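Accompanying notes for the structure given below.
As the structure is a prediction and not an experimental result, all values here were calculated from the model.
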Amino acid sequence: MRQTSKSVQCFFVFILLIMLTVTSTSQKAHASSETDPIIDDFESYSSDEEFKSAYRLWSSEGSPIDWSLSQERVNDGAYSMKIVANEPYDSSWVSLFHNFPVSDWTDSTGISFWIHNDADKPLAFNFDVKSGAIAFGQEGTFTASLKEDDSSSWEEHSFESMLRVPEGFTGLVHIAWDQFSEKAWQCPQGCDTDLNLASVTGIEFGYNPQSHSANDIYIDSISLWGVGGQALAPEWATHANTFQLNFASAPIDNPLKGFLPFSESVVWRTEPNQIPYSLEYFYIPLNDIMLDFDEYDWSKLEADLDDIASRGNQAIFRVYLDYPHRPSGIPQFLLDLGLETKDYHYESNGGRNGTSVSPDYNDENLKLALLQFIEALGDRYDGDPRIGFIQAGLIGFWGEWHTHPQDGWTPAGSWDGGLVEEKDGRATDWMPSLANQEAIVQGFDTSFDQTKILVRYPTGYNQNVNIGYHDDSFAFQTLPSSLGGEDWHFVGRLQANQVMDKWKTEPIGGEMRPEIQLKMWDNDPPRYIGEPIGGAQGEDYYKSLELTHASWLKIQEVFQTPLVGDAVKRAQEGSRSLGYEYFVPTAYVNATDGQLQAAINIQNTGVAPFYYDWDIEIAARDKDGNLEAWTTDWDLTPILPNDKDTEEQDETLLEWSSDTSTLSEGQYDILVRVVNPLSEHHTNAKAFHFANVEQEENGWLKIGQVEIKDPQ
């Protein structure tokens, strides 16, 4: 906030009112309907005198600063603005204000400028915009993005009342319009005027030269950003090196997303596949892997992973101890040590004549074995490119982390066929203690840093771990009570445990209830409507997707039973709509002074991010098809979907540069691709595709062309 007396402030406002009124009255007719992104690059002034007539000084004491055109430090072109403090450094505040004809900036996202702080201390600095006679700037807590000249990424910072430019900083600053509010010194009784971007009349810089006498300040490239919806552009962008790209839906079988079948059904599913896919699912019993404490046979798991990878797909799997109607997955050595089990007839298991039993999950030997297994699994498979996701499994029927109706609360007499075990009128609880459940979850979180893990239910003990969730009754028991479902449905549990936003960093997957997997596609929007299941009908598929941000779903029936007509199209679009979809609307490529530069604006038009930091490469391809490729430091994982409520097209700018010493003279196509690490082992690995017309089948996205010239 300005450090001036109220009387001085009022005088300054009075002077501004006079100056801005004259400017607005005489030049308002010249306002343009088209937004020019360049506000001032300091190239149009023929002398310091002309420059100083455009930028006027206000100060609390005398002439405490000098401002001039400079060639010492510039961002582009030949000139920048230089501001230096003058002795005796007795002024507590100065402003340089620049008035211009009324301008319409509504077709932009915010203000951008380049600044160099030539001092060993941060610079407290204001950048204000004026509309009419009112100044708008930063009040209270606000955010701005900074990018140093030698960096390829923007960093968002939070500030209080004033921008603080770091010591020795050289680079760009972006401040969005929603961070501008009426300056408090103008309205002691409270401010209530919003910035009118359709009537902008000037800009203003302000700082305290008394506190920053050692700071030489250089400013250049004052411009608008986000013009015409474009969020960001590199500072070196020109009309000639900017390329507009076109949208086209990405393929259904993009990696790590969409509908998927069970891998064991590969020999009899419908061909050709009515739903292309990139993931396959399988279960595996623990006793196929674990032979004794810290003793393992990985051959069966290896065979399953290799089989799926041979088809160019990645695997999702779950290890189980107890799968109703299948042989028990309990390792024999634990039974030999006295592990107790319980027979049951639920879920077609067949009681004492059935094939599986529920173990005592609180048995100390079992707990130790499970924790050892999780650690060994992580040591061997964390980051394995054959694996897409792992479901935590191990606990409960099917490894789904429940033993319903043996849940501790189901009343005796309310369950068809009676309870296997009850006490005091209620079912006994066969699940592990909460402490043991938490230990298993913590074991997975500790053992896996790269491969993503999912657990069935959101709970208090898994709120803050790096583990996602799977909804195994998707679009049937997904929606909360506020949308016609129940509080215990999947989204209700997300809400109750305050993890509705966990999808931003951890994946959501799941399965559709088998009874609804085919019939739901007969309806638009897709929803199961048929014979009630437990007295209920299905839920809206897209409302379920909107709230969960799911990336993939097991839906076996559509891979083995042909759909017809519109049902096929709805199912295909339902699969495509899961997970991420990245669109590049604008790209920039440049080759000058021995440097190759590339940048892209990128949007996520899907419902979830891409959860793996796969390598992203840039390549130059000559007329003969030869490639020279470089690996960037780009990362897709933080790029979240566009805001569906506001319909704003959120964009991220990614920038890269390298020298051109390995390239000979000639024309080159510049390409970008995200590298599926499975491709290092299998040439038929599914290629990552952007949602662009310019996307090539081989995985490369063509973003522009450059000409490399001999520097001689």
Side-chain angles (χ1 to χ4, degrees), residues 257-260 275 279 281 316 318 389 391-392 396-402 404 407 452 454-460 462-463 467-504 506-558 570-571 573-580 606-609 611 641 644-645:
K257 59 170 287 186
F259 294 164
L260 62 144
I275 308 290
L279 291 163
Y281 186 90
I316 304 175
R318 184 193 304 175
F389 307 93
Q391 293 183 331
F397 301 161
W398 299 283
E400 285 187 4
W401 288 66
H402 74 83
H404 182 67
D407 49 23
K452 293 295 184 178
L454 300 90
V455 71
R456 174 64 175 96
Y457 296 109
T459 66
N462 60 38
Q463 283 177 324
I467 290 178
Y469 303 113
H470 55 97
D471 176 3
D472 283 356
S473 195
F474 190 86
F476 188 75
Q477 292 175 341
T478 296
L479 300 182
S481 58
S482 60
L483 293 172
E486 301 287 348
D487 288 339
W488 54 268
H489 284 185
F490 185 74
V491 172
R493 292 175 185 262
L494 291 173
Q495 293 172 338
N497 290 283
Q498 301 179 351
V499 288
M500 283 295 291
D501 285 340
K502 201 171 192 184
W503 63 271
K504 294 179 179 179
E506 303 299 331
I508 305 293
E511 180 178 18
M512 286 185 187
R513 190 172 175 126
E515 299 98 313
I516 76 170
Q517 290 181 5
L518 287 178
K519 291 186 177 180
M520 72 180 307
W521 308 111
D522 293 334
N523 303 298
D524 188 14
R527 178 183 179 185
Y528 172 80
I529 302 175
E531 186 68 27
I533 304 170
Q537 298 288 344
E539 299 168 337
D540 186 309
Y541 173 82
Y542 284 107
K543 178 56 67 174
S544 299
L545 182 56
E546 175 188 342
L547 293 178
T548 61
H549 299 269
S551 288
W552 53 265
L553 292 170
K554 289 182 288 179
I555 179 169
Q556 174 63 30
E557 291 295 324
V558 301
R570 292 190 192 108
E573 193 54 36
S575 181
R576 189 199 313 276
S577 299
L578 288 160
Y580 67 89
V607 298
Y611 292 99
K644 296 296 191 293
D645 293 330

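- Counted by atom type alone, N497 and Y457 present zero donor-acceptor pairs between their side chains at under 3.5 Å.
- Donor-acceptor pairing under 3.5 Å is recorded for the side chains of Y281 and Q391.
- With hydrogens and angles disregarded, no donor-acceptor distance shorter than 3.5 Å links the side chain of N523 to the backbone of P525.
- A side-chain donor-acceptor contact under 3.5 Å links Q537 to the backbone of G530.
- Closest approach of G606 and P641 over heavy atoms only: O-CB, 3.2 Å.
- Across all their heavy atoms, F476 and H489 have their closest contact at O-CE1, 3.9 Å.
- Between the side chain of R456 and the backbone N or O of H470 there is at least one donor-acceptor pair closer than 3.5 Å.
- Put simply, the side chain of S575 gets close to the backbone of F259: a donor and an acceptor are under 3.5 Å apart.
- Using a 4.5 Å heavy-atom cutoff, the side chains of Q477 and W488 are in contact.
- Using a 4.5 Å heavy-atom threshold, the side chains of S544 and D471 count as separate.
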task: Report the C-alpha distance between N462 and I467 in whole Å, list the side-chain angles of each, state the deciding distance to 0.1 Å, and finish with yes or no for side chain to side chain contact (heavy atoms under 4.5 Å, CB included).
output: CA-CA 7 Å; N462 60 38; I467 290 178; 5.8 Å; no

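- The two residues L578 and A550 come nearest to each other via the heavy atoms CD2-O, 3.5 Å.
- Inter-residue side-chain proximity for L483 and L547 is flagged as met; some heavy-atom pair is nearer than 4.5 Å.
- For the pair F490 and P458, the minimum side-chain heavy-atom distance is below 4.5 Å.
- In this structure, CG on D540 lies 10.0 Å from CG on L545, to the nearest 0.5 angstrom.
- Using a 4.5 Å heavy-atom threshold, the side chains of W401 and T459 count as separate.
- Listed here is the closest heavy atom pair of Y611 and W503: OH-O, 2.5 Å.
- In this structure the side chain of I555 never reaches within 4.5 angstrom of the side chain of F474, judged on heavy atoms.
- Using a 4.5 Å heavy-atom threshold, the side chains of L553 and L260 count as separate.
- When every heavy atom of Y528 is checked against every heavy atom of E531, the shortest pair comes out as OH-O, 2.7 Å.
- Looking only at distances, a side-chain donor or acceptor of E539 sits under 3.5 Å from a matching main-chain atom of T478.
- With a 4.5 Å cut-off on side-chain heavy atoms, Y580 and P609 do not count as touching.
- Under a 3.5 Å cut-off, the side chain of K452 and the backbone N or O of F389 do not form any donor-acceptor pair.
- Each of K519, R513, Q517 was evaluated against E515; a single residue qualifies, R513, per the side-chain hydrogen bond (donor to acceptor under 3.5 Å, both in side chains) test.
- Checking side-chain atoms of H549 against main-chain N and O of V607 turns up a donor-acceptor pair under 3.5 Å.
- The main-chain N or O of D472 is never found under 3.5 Å from a side-chain atom of K554 such that the two would form a donor-acceptor pair.
- Between the R527 side chain and the M520 main chain, no donor and acceptor come within less than 3.5 Å of each other.
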task: Apply side chain to side chain contact (heavy atoms under 4.5 Å, CB included) to the pair E573 and Y542, showing each step before the final yes or no.
output: CA-CA 11 Å; E573 193 54 36; Y542 284 107; 3.8 Å; yes

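- Closest of all the heavy-atom pairs between S481 and D487 is OG-OD1, 2.6 Å.
- The local environment of CD in Q498 is sparse, with at most 12 non-hydrogen atoms from other residues, nucleotides or ligands closer than 6.0 Å.
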